[in-house]
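Structure first, commentary second.
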There are 2 protein chains.
Amino acid sequence: MENQLEEIYKKLHEQDYKITPQRQVILKAFLNNAKEHLSAEEVYNIVKGQYPDIGLATVYRTLDLLVDLDILQRINFGDGRARYEFSSRAEHHHHHLICLACGKVLEFDHDLLESLENFITKKTDFQITDHQLKFFGYCRECREKGQEKP
Amino acid sequence: MENQLEEIYKKLHEQDYKITPQRQVILKAFLNNAKEHLSAEEVYNIVKGQYPDIGLATVYRTLDLLVDLDILQRINFGDGRARYEFSSRAEHHHHHLICLACGKVLEFDHDLLESLENFITKKTDFQITDHQLKFFGYCRECREKGQEKP
DNA sequence: ATAGATGCAAAGAGTTTGCAACTAC
DNA sequence: GTAGTTGCAAACTCTTTGCATCTAT
């Protein structure tokens, strides 16, 4: 986990990007909240604690950079804002279970979509580099606490 | 195809929604462009031809209504705007192949995700009602016309 | 007749950008 | 020293909302 940060710094260095304190606190926010899917605003709020002068624009620019460098992956859960998680986590493929009642996002590990990818590429000549599989439904907690949403 | 419209009108009637000319032209826009994944603005531009006084807000309100009634399904392809397709098409499940170079969205028919849904529900106690599977990559045309994006 | 629907303009939310000041290298 | 980065505010894009007017039933 700690040398994940070193590797990222190295990657930034190699591409002549500077390792600014702002970028450091943003990366640490993701490391410290590895189970979350943080939005730009959530990152901003976390990071303001350690670096109060940071601007929201810097957060957006850093997130864009990290996505370009394939360090973060941008995901959209349909709640009107982009969310981010480490790409390295996406490599051991997991899928997202999005609760339609409370909006919570659970994860489910599952690596068996490669065969489908190969099949599709064979059939359609579309070269697949990545996939995202989302399931929508209702989590146990929401089903238990009343049937507001069946 | 034509009685699909009748069914939708019936559904609107049953729920005491009025069948206004604006709603009619919007629905027809989707019927006439069944292969597209139209955005609100695209619908607006199509529909202005037949009904020049229509407002963009009406398009948004109608799309919301049709999503609520499960006639349309809202999809997000990561291009910063919501897109829509008939839910009935989603029922015979197909997945979206999104080209990272040109943004084109191809489709691939495939119905075999139910077993995975059942497996996940069993494992996690998350009750799944729907899923969305997107593949990202490069279409043949973009691969052929130069390797701008490898 | 009347509940619901519309068009317009203004407001909101999320994100991007121009620019002068700053800083990691 | 300098190219790259930052914070701020303004701009932009997509979407939603308030309200007076209109209309399908």
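Within every chain, numbering begins at 1; the chains are lettered A, B, ... in the order of the sequence lines, protein sequences first and strands thereafter.
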- [ ] Round to the nearest Å and state the distance from A/Gln24 atom CD to C/dC25 atom C1'.
- [x] 14 Å
Open item on the list: Side chains of A/Leu97 and B/Ile120, heavy atoms from C-beta outward: is any pair under 4.5 Å?
Closed with: yes
Open item on the list: Side chains of B/Tyr17 and B/Leu69, heavy atoms from C-beta outward: is any pair under 4.5 Å?
Closed with: yes
- [ ] Among D/dT15, D/dG7, C/dT17, find the nucleotide with the atom closest to the side chain of A/Ile54.
- [x] D/dG7
Open item on the list: Below 4.0 angstrom, which residues in residues 60-69 of chain B have at least one non-hydrogen atom near DNA chain C?
Closed with: B/Arg61
- [ ] Tell me yes or no: between the side chains of A/His96 and A/His37, is some donor less than 3.5 Å from an acceptor?
- [x] yes
Open item on the list: Whole angstroms only, please: what is the CG-C1' distance between A/Leu27 and D/dT5?
Closed with: 15 Å
Open item on the list: Strictly below 4.0 Å, N to O, side chains only: are A/Arg74 and A/Asp64 in salt-bridge contact?
Closed with: yes
Open item on the list: Taking NZ in A/Lys123 as the centre, count heavy atoms belonging to other residues, nucleotides or ligands within less than 6.0 Å. Is the count above 12?
Closed with: no
Task: Below 4.0 Å: OP1/OP2 of D/dG7 and any side-chain N or O of A/Gln22 - done: yes
Open item on the list: Given D/dT15, C/dC25, D/dT25, identify the nucleotide with an atom nearest to the side chain of A/His13.
Closed with: C/dC25
TODO: Output the residues of residues 41-48 of chain A in contact with DNA chain C, where contact means a heavy atom of the residue under 4.0 Å from an atom of the strand; sort by number or write none.
DONE: none
Can you tabulate the close N/O pairs, meaning under 3.5 Å, that link protein atoms to atoms of nucleotides 2-4 of chain D?
{"residue": "D/dA3", "atom": "N3", "partner": "A/Lys18", "partner atom": "NZ", "Å": "3.1"}

TODO: Please determine if B/Arg83 and B/Glu42 form a salt bridge, counting it only when a charged side-chain N lies under 4.0 Å from a carboxylate O.
DONE: yes
Task: Donor-acceptor pair between A/Glu107 and A/His95 side chains, under 3.5 angstrom - done: no
TODO: Using heavy atoms to find the nearest nucleotide of DNA chain D for B/Arg81 and B/Ile19 separately, return the residue whose nucleotide is more 5′.
DONE: B/Arg81
TODO: Provide, to the nearest angstrom, the distance between the CG atom belonging to A/Leu56 and the P atom belonging to C/dA13.
DONE: 14 Å
TODO: Assess whether atom NZ of B/Lys11 is packed by more than 12 heavy atoms of other residues, nucleotides or ligands within 6.0 Å.
DONE: yes
Task: Between D/dT15 (P) and A/Asp79 (CG): distance, integer Å - done: 14 Å
Task: Distance below 4.0 Å between B/Thr58 side-chain N/O and C/dG7 OP1 or OP2 - done: yes
Task: Phosphate contact (D/dT23 OP1 or OP2) by B/Thr20 side-chain N/O below 4.0 Å - done: no
TODO: Using atom CG of B/Asp53 as one end and atom C1' of D/dT21 as the other, report the distance to the nearest whole Å.
DONE: 14 Å
Open item on the list: Please compare B/Pro21 and A/Tyr51 by the position of their nearest nucleotide in DNA chain D and report the one closer to 5'.
Closed with: A/Tyr51
Task: Residue that, paired with B/Ile19, satisfies side-chain contact (heavy atoms from CB on, under 4.5 Å) out of B/Leu27, B/Ile8, B/Leu12 - done: B/Leu12
Task: B/Leu66: which of B/Asp70, B/Thr62, B/Asp68 passes side-chain contact (heavy atoms from CB on, under 4.5 Å) - done: B/Thr62
- [ ] Check whether any side-chain heavy atom of B/Cys99 sits under 4.5 Å from a side-chain heavy atom of A/Phe126, and report yes or no.
- [x] yes
TODO: Measure the CD1-CZ distance between B/Ile128 and A/Phe108 for me, rounded to the nearest 0.5 Å.
DONE: 8.5 Å
